[in-house]
Each structure stands twice: as structure tokens, then as C-alpha cells.
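All remarks here apply to the structure that follows.
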Amino acid sequence: MKTKQLLLGDEALALGAIYGGLSGAYAYPGTPSTEILEYVQKNPLARERKIHSHWSSNEKTAMEEALGMSFCGKRAITSMKHVGMNVAADPFVNSAMTGANGGFLVIAADDPSMHSSQNEQDSRFYADFAMIPALEPSNQQEAYDMARYGFELSERLGVPVLTRLVTRLSHSRAVVETDCEPLPENKLHYPSNTRQWVLMPAMSKVRNRSLIAQQADFVKASEASPFNSYTEAHDHRLGIIVSGIAYNYLMECFEGNCPFPVVKLSQYPLPTKLLRRLYDSCDALMVIEEGQPFIEGKLKGLCESGKKIYGKLSGNVVRDGELNPDLVAEAIRSVIPNAKGLRFLKGADAADIIAPRPPMLCQGCGHRDVYGALNEALEAYKDPKVFGDIGCYTLGFLKPFNAIDTCVDMGASITMAKGAADAGQHPSVAIIGDSTFTHSGMTGLLDAINEDSPILVIISDNLTTGMTGGQDSQGTGKIEDICLGLGADPAHVRTIDSLPKNHDEMVRLFREEIDHKGLSVVVSRRECIQTARRHATRK
């Protein structure tokens, strides 16, 4: 028996995992992946089953915690945004070497067009790099179905499985047919061969050969996958290979059915036989994929008889930003101008009818008062440099503050400020949020402490992970203790409430610590105005 629910793509995947026998979900919040763990946390069945669903300190710890649960035979997921995969890359790549015991899904939510990200990287390359299978749902129903399928695939092949979402799928809703009865959770059981879980060179060499030998099995699994398909059509001037959400864009391009043969890809490695069948039957191929030219690049090695392959590398499919039905239609028209049923759906451009509204810090946000005081404090110095970090406070780069000079990745504020000070820069100031500090800032601070680097580190503590919606921050109530525990000089670990009435005191404090010839930490604390309002409403 089935039921129907209206779900985000993130929620569909999370619910599919719950009904697929999930025992633990681990994540660090990051758009567009945040709603996956949030859904597990609020789901009644997950609560009834006491499925583990606490936030982790960062993506690396989340990956390792989920791998530990898999080692014990239980089914686990870890979810993160695409740049979070960079943080988790060490355990992720090595998890292909250890393998999986309980089903293990690594969920990466990519962000084409960089709605809330530093880059457009494509997580499919991580699966290829680690030599493990990957899944890429094309809609919310597939996201739901792939969770249980992915667990079973992971256990059958003995490796983690990467599941790739993109922003439009993660954050759009559709009706999903769901189960009424969940699978039971796995019982505690351990790997039959624990030697491969100890990645010493002698064991890793054996495991590496084994993983390479499995590649043919992974391809066979893709060939047999219910999520990969070949659809025949009458016009063989062009064969189309399309993956993930781009399949929907392709279908919207035509008044009726697509007149060209189509291979839909939602499981990797590439199903070689399926692709060669298409290649052999068509005059030319076009690859339509959201993200980077992953399939297109591989296809050129698989099919070498000289037929033309169109896509992002050829310039026919736009390579920057998200795809949409109009862009897909333009790509097809550039090759087959008279394609039957091809239409353009383009309406008014949103940019033409909506006034631009740049992002800004909320009114009443404590970060505003920190930047106001910091800017005033720095007026007394020549060429001050402020190194920023990832969070709401990154908006301090914009008007009216124009307060930071760099923002690269989580935790880079402290390490870049230290490097600048090593180069002779003064003042060298780092500003970082409380959640980012516990995510990736503590090790950088330890470097600065060990050399007593002449930098000012401002930890702007709003008692939450504000940028992604107010999730728990791992360092709440512990920031000063962490700094002191790392070895910071207690005389130069200072705390102040970042309130308008304390403006003059903040200016004085910042200048005092900038003038100190060593490491200084100032914790400026004020609860996020949004979470404060929610707390007040609940009370």
C-alpha cells in the first residue's frame, strides 16, 4: 500500500532513507542540503525509532561518524552541500577503500548558478575520483526511491554510494508516492573482513586492487539500473544523452514526445552498452547535463568513430550557471534547426520586471554593530586588512560596511590573517562566526597561538548557525573555553556584547587588541535576531 505526500527533493530523499531502514543521519548545514537532516529531525517515525540526527561540527566529522555507523552494519546517510565535499574529501575517498558494511549514502547537494556558494563544482567527479557508484535523481519521486535502492546497492557492492542533488531539485516540491510501512533497521553486525578497514599500506594495496577489479561490476549495475533508460524515437539525426534534473528540461522543450532517441542517465559509472547503442544508431550525439561536462568528457573516450558530440565542451550547451528548458531548446536548435515540436518557453526575464534587492544583514543583527565598531577602530591605522569567512557576516563586504577584504572558505579568515601577518601586514584582522569557528577555525587559531601571531581574531558569536536557518552551533557557550584550552593568553581573550550601546567600548577594545604585539581574541556576542524572535514566539 502507498500514500502520497508533497515533498521537497531534500525531504523526499530523507523520507526514503527513513523508510529504507535508516539508523543515523549526520550533516553540517549548508544550502541546498540543510533540509535533509532537518526533515529527519522532525519526522515522527524517525523520532519514534530514535534515529540519530544531531548536527556534526563539520562535514568531515559527519562523514566519519556515518562511516562508523556503517562499520557496525547499520544504514547511514551523511549530507552536505558541494563545497562541503571538499571538507569531507579525506574520509570520503578513503571510505571507498574501507568499503561499507551497512548501507551508506553520501549525499552531495550541488549549487549550479551559485545561489549561495563560492563555486559551481560538480560532485560527480568525486565519485569518479573515489571509484564508487553515484546516483542522480531527475525528480522528487526518484530521490525518494533512490534512498532505499542506494542502501541496497551499497550493501550489495560493499561500497558507499554518492547521491547527487542540485538546487532546483532540492528546493522544489512535487507529489511523491511513499511507503506506508518502513523497513526494519539493520541489526548490529560487523564486516566479515575487518583488515580492509585498517588503511595501512599493506592492506590498502590489496584493497586498491580489489576496488579496481570491482569497476566492471559497478558498470554492470548501471547497465541494469531502473534509473537508466533508452527511449527510441524516429529522428536519428541526433541522439541525446541527458542526466538528472536536465531530463525534465529536455521533456519540456517539445510539444509532444522528443523526436530523438534519448538515453536518460541517473546512475554512474556510465552504462557503456547503453551509450554505444545510442552512438551507433545516431548521426551525432548531444549531452545535456546540469553542472560540468562530466559525461561529455568521458563519452569522447568511449565513442571514437568520428561522429560529432555536442555539449558544453563544444559550446552548444551553456557551461555557466543552471540549465533551463529555454537553454536546452537553444542547444538543440543550434544543431537541428528544424527539430519537430521544438519550442521556446521563454517569457519575461525576471531581471527585467523585478527590482534588484541585494542581500543585507538583518536589522538588529549583532554583526552590524561589530562592523560599525571595527570600521571606526581601523580608521586610526594605515592599510588595515580584514580577512572574512563564510556566514551571514560575509555580507559585511557589501555597502554600507565595505568591511572585509577576503572570503575564501570555511575557517580561512584566521589562517589568512596569520599568513598576512607573517608577511608583515599590520593590522591583520580575522572575523569569523561561532559555528564556522568550531567547523574549521580552531586549528588555524592553534597555529596562531603557537607562534603568538600579531593578529586580532574577532569571533562574532550569534549563538546559532544563522546563515542556514538557525541550526544548533556546536560551540554555543564554549567559545572562550575553547580558545583558552587551545592555549590563548587569558589576558587577551576578551568578551563583549555587540550592542549599539557598547559601540564606544567595542572601538576601544578593538584598538587595544590590535596594538597588542601578539595574538588577541575578542568574542563579540549577541543572539541572532531571527532565532531570538523564534524563541520569543515559542515562549
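- Salt bridge K60/E64: present, at least one basic N to carboxylate O contact under 4.0 Å.
- Side chain to side chain, Y28 and S435 meet the donor-acceptor criterion of an N or O pair below 3.5 Å.
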CA sep, side-chain torsions, deciding dist, call: E223, L274, side-chain contact (heavy atoms from CB on, under 4.5 Å): CA-CA 7 Å; E223 299 282 2; L274 212 58; 4.1 Å; yes
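- In this structure, the side chain of S154 engages the main chain of F104 through a donor-acceptor pair within 3.5 Å.
- When every heavy atom of A412 is checked against every heavy atom of D389, the shortest pair comes out as N-OD2, 3.4 Å.
- With respect to E142 and K264, a salt bridge is recorded, a charged nitrogen being found less than 4.0 Å from a carboxylate O.
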Chi angles and distances behind the side chain to side chain donor-acceptor pair (under 3.5 Å) call for E59, H439: CA-CA 8 Å; E59 295 86 356; H439 177 287; 2.6 Å; yes
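- Heavy-atom neighbours of K187 NZ from other residues, nucleotides or ligands within 6.0 Å: at or below the threshold of 12.
- No side-chain donor from either of Q141 and N139 sits under 3.5 Å from a side-chain acceptor of the other.
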Start with the C-alpha distance between S172 and L8, add both sets of side-chain angles, then the distance that settles side-chain contact (heavy atoms from CB on, under 4.5 Å), and finish with yes or no. CA-CA 5 Å; S172 60; L8 294 173; 5.8 Å; no
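- Using a 4.0 Å cut-off between a side-chain N of Lys or Arg and a carboxylate O of Asp or Glu, E289 and R124 qualify as a salt bridge.
- Taking a 6.0 Å sphere around CZ of F227, one finds it holds more than 12 heavy atoms contributed by other residues, nucleotides or ligands.
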